[in-house]
Every structure is written in C-alpha cells, then in structure tokens.
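In the text below, chain A, chain B and the rest are named by the order of the sequence lines, each starting its count at 1.
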Amino acid sequence: MPELPEVQTIVNDLNKKIVGCRIVGAWFDTPKIIKKLKPEEFKKHIKGLEVSGVKRRGKNVLIYLSNVSRIKSNKSRIKILLVHQKMTGHLLVGKWNARKRQVKSLIKGPLNEKVNNYIHLILYLDDGRQVALSDLRKFAKVMLGTKEEIEASPDLTRIGPEPLDRKFSFNDFAGLMSSQKRKIKQVLMDQKVIAGIGNIYSDEILWQAKVHPFKPANKLSDRELKEVFLAMKNVLGKALRMRGTSTSDFRDTEGKPGNYTRVRLAYQREGEPCGRCQTPIKRVKIGGRSAHYCPKCQKL
DNA sequence: CGATTCCCCTGATAGC
DNA sequence: TGCTATCAGGGGAATC
C-alpha cells in the first residue's frame, strides 16, 4: 500500500519521465475510479493538456497540467490530476495496447508481473508512451479539476502537515499528539492529523521509537514523543531513499518493487525475532487493521 | 467527541 | 480437485 515514501518515489519518477509531455487521449474500463467529472468529460478535458510538474501531498499524487492551446479562456489555465492509489494502485509509465482491451495479458519484459495486469486507466502521451493506472482492487481514484478546485478539495485541505517538512517541528508534533486521546498508532495513521503515514510506517516508527502502538497519544512522555518524532523523520527518510516497501504489491513506475522491504523491522514480521532483543514480533488487531510490535521493547 | 462496523474489491489461503 | 468462507486494508459513511 503506497504511503509517503512510495508515493514520493512515484512522484520523483514521473517528474523525470513525463514533464513536458502532452496528453493526447485517455482510455478507461472502470468509470468508478474517475471522480467529480463524468468519465466522458474527463476524457474530453484531459486531452491536449501538457504535464508541467508532479507533486505529492500526503498520499496523493498531483499531476499539474497546463493548457498549451492558443485558445484564451477566463478559466484557470492550470489543472491538476489528483491520483490516490489507495491499496493496490500503481502508476506505470510504458506502452500497452488497450485498443484491443486485452490489457490483462499484454505486459512484457520488466513489467511482466501480475501486479501490472489490472490496468483500468491509460493516459496516452504524445511521444507514444502511456501513463497507466493499474489497480487490482479498484479502490484507487483520480480526480481532474482546475488548480483552484483541487487545492480546495477535502482531499488536500483536510489533511495534516507533511512529516518530512522541515518546518514541521517537534513542538508542532507534540502539540498535535497532546490533543489526541486515541492510540498512538491510530493517530499516526490518521491523515487529518499527519499526512502520508499508513500501516507500514506507523509500525516501523513505533518499533524504532520503542513505543507501544496502543499507548494513548496524549500519554506519551516527552522522551517518547521525541523518539517517535525522530523515528518518523528517520524511517520515512530512509524508506524514501530505498524507494519504498513492497510487502504488499507496491511497484514504481517501472514496475519494480521497493527496497525497504528487506530492512523493515516490524511490519509483517509476525513471529520473526525483534531486531533488538530477538523476542518474536507480535501482531494484534487495532481498529480493523493489524499492528506489529515487539512485546518486550515496546511497553505501554 | 470517540469507537465500532460496514462497504468497496479480489487474490490468497484455509477448511472441508 | 474444487468449492466456499474468511481475510486484508485506505478511507469514508453510518451507527452506537
């Protein structure tokens, strides 16, 4: 499931690969993925737009598009295509043959993995390449609108600060935690509190900080808060440098998995020895999600 | 306000 | 072998 490091990896790749490209058409087979606009309108509106840059906010990919046509308009010339990959979404850059609607068996070479066999949306670029959204569970969503519309949408306005933003200080973090009675694991995963952290990195951060996932956020000691804050910066930074985690089926725009998978110390390591004390990692349910932690190192 | 449950979707896995 | 039940999980909605 793509979280901050995975989404940022996608964004970095897209910035290297598709900036300056013009979208000449679109294809889709799952209309429900397209929000706000009717799918046919989406097709019409996105055609002819040129990619000017790609950014990330929380777990959202923001593809900035500009209208390069000479037709003048009072409306904003800058549009944004917001993509949320949810759990199994992938943004891939390559070439497929969707006209034959045989997208489930056309991927060859380095993309020859089943994870790429569920393409539901394709943006055709003017150089022959395509940006494809594959998504096994069809939970992903894309939303096209003007820069103003998208920036004002709840997807971007109702989420908390960026954990890797240097302006996001320890005092900011401690302030947010002090007003939260919920379990620290749930608070870290709550996009409205902090943006971009999900199940993988909340487990990794709390393991690193030696804090029990069930501890109420406002009950953390000052020392624990500092540990969590530091771990948050360190874990996310390292995972980003390693191009993300692929315990599930995350893939970059080439279809390649991330490298953090092999250095993770808590997430989906149930029964395996803790990296500090060798105690088997435990797995427990919390709010419908699973938490992994060391019962010896991470005390309540 | 917070906690819980359901829903969306489909491959993997366990049980029979 | 093959069928069926269960589960995972981001996020939003509904309910308690």
Side-chain angles (χ1 to χ4, degrees), chain A residues 1-8 10 28-36 39 56-62 82-91 103-105 107 113-121 133-143 150 153-160 163 176-205 213-219 236 239 244-251 257-258 261 264 266-271 281-293:
Chain A
M1 57 219 76
E3 300 176 27
L4 188 154
E6 290 78 25
V7 179
Q8 188 66 51
I10 297 291
F28 60 85
D29 70 352
T30 308
K32 61 157 276 189
I33 288 177
I34 299 167
K35 310 293 180 188
K36 197 172 90 67
R56 179 191 60 77
R57 177 74 176 98
K59 299 176 188 173
N60 300 286
V61 176
L62 305 174
L82 180 153
V83 182
H84 195 305
Q85 303 174 90
K86 294 288 175 77
M87 297 174 48
T88 53
H90 309 92
L91 278 172
V103 290
K104 293 198 174 184
S105 59
I107 293 92
E113 296 181 48
K114 69 179 178 183
V115 72
N116 299 308
N117 291 347
Y118 303 91
I119 293 171
H120 298 302
L121 172 70
L133 176 67
S134 91
D135 187 10
L136 185 152
R137 284 181 174 73
K138 301 179 181 172
F139 287 171
K141 72 170 176 183
V142 302
M143 194 164 69
I150 300 296
S153 71
D155 305 68
L156 299 189
T157 56
R158 293 187 194 168
I159 58 177
L176 288 173
M177 295 303 116
S178 68
S179 64
Q180 293 286 338
K181 297 175 188 169
R182 288 177 294 162
K183 300 175 174 73
I184 180 71
K185 157 104 173 158
Q186 288 179 308
V187 173
L188 288 177
M189 286 200 293
D190 187 341
Q191 303 303 295
K192 291 191 286 297
V193 180
I194 301 171
I197 299 172
N199 218 12
I200 299 172
Y201 297 108
S202 55
D203 278 354
E204 293 297 314
I205 289 166
F214 283 16
K215 188 150 190 172
N218 61 356
K219 293 287 197 301
L236 294 176
T245 304
S246 298
T247 47
S248 181
D249 65 358
F250 168 71
R251 296 293 184 276
T261 318
R264 77 194 194 284
Y267 184 71
Q268 282 196 3
R269 289 190 74 247
E270 183 186 17
I281 295 292
K282 254 181 116 169
R283 171 177 170 163
V284 290
K285 279 280 185 176
I286 168 174
R289 304 292 181 257
S290 52
H292 310 76
Y293 70 103

- Query: Considering only side-chain heavy atoms of A:R182, which listed nucleotide, C:dG10, C:dA8, B:dG2, is closest?
  - Reply: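 The nucleotide sitting nearest to the side chain is B:dG2.
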Rounding to a whole Å, what distance do you find between [X]:[atom1] and [N]:[atom2]?
X: A:Q186; N: B:dT5; atom1: CD; atom2: C1'; result: 14 Å
X: A:D190; N: C:dG9; atom1: CG; atom2: P; result: 18 Å
X: A:I286; N: C:dG9; atom1: CD1; atom2: P; result: 13 Å
X: A:D249; N: B:dG11; atom1: CG; atom2: P; result: 12 Å
X: A:Y201; N: C:dG10; atom1: OH; atom2: P; result: 12 Å
X: A:K32; N: B:dC8; atom1: NZ; atom2: P; result: 9 Å
X: A:N199; N: C:dA8; atom1: CG; atom2: P; result: 11 Å
X: A:L82; N: C:dG10; atom1: CG; atom2: P; result: 18 Å

Within the structure shown, what part of the strands sits under 4.0 Å from [X] by heavy-atom distance: base, sugar-phosphate, or nothing?
X: A:F214; result: nothing
X: A:M1; result: sugar-phosphate
X: A:S248; result: nothing
X: A:Q268; result: sugar-phosphate

- Item | Side-chain donor/acceptor of A:D203 to backbone N/O of A:A266, under 3.5 Å | no
Are any of the side-chain heavy atoms of [X] and [Y] separated by less than 4.5 Å?
X: A:S134; Y: A:H120; value: no
X: A:V284; Y: A:Y293; value: yes
X: A:P163; Y: A:L4; value: yes
X: A:K141; Y: A:D155; value: yes

Any side-chain N or O of [X] less than 4.0 Å from the OP1 or OP2 oxygen of [N]?
X: A:T88; N: B:dC9; result: no
X: A:K181; N: B:dA3; result: no
X: A:Y118; N: B:dG11; result: yes
X: A:Y267; N: C:dG9; result: yes

- Take A:N60 and A:H84, measure what side-chain hydrogen bond (donor to acceptor under 3.5 Å, both in side chains) needs, and give me the verdict at the end. CA-CA 5 Å; A:N60 300 286; A:H84 195 305; 4.5 Å; no
Atom pair [atom1]/[atom2] of [X] and [Y] - distance to nearest 0.5 Å:
X: A:L91; Y: A:D135; atom1: CG; atom2: CG; answer: 10.0 Å
X: A:M1; Y: A:T88; atom1: CE; atom2: OG1; answer: 9.5 Å
X: A:R182; Y: A:M177; atom1: CZ; atom2: CE; answer: 9.0 Å
X: A:H90; Y: A:D249; atom1: NE2; atom2: CG; answer: 4.0 Å

- Message: Assuming nearest nucleotide by heavy-atom distance, tell me which of A:G288 and A:F139 is located more 5' along DNA chain B.
- Response: A:G288
- Would you mind building the protein contact string for nucleotides 11-16 of chain C? One character per nucleotide, 5' to 3', B for base within reach (heavy atoms under 4.0 Å), S for sugar-phosphate only, - for untouched. B-----
- To the nearest 10°, let me know how far the axis at one end of the helix from B:dG2-C:dC16 to B:dC16-C:dG2 is tilted from the axis at the other, five pairs an end. 60°
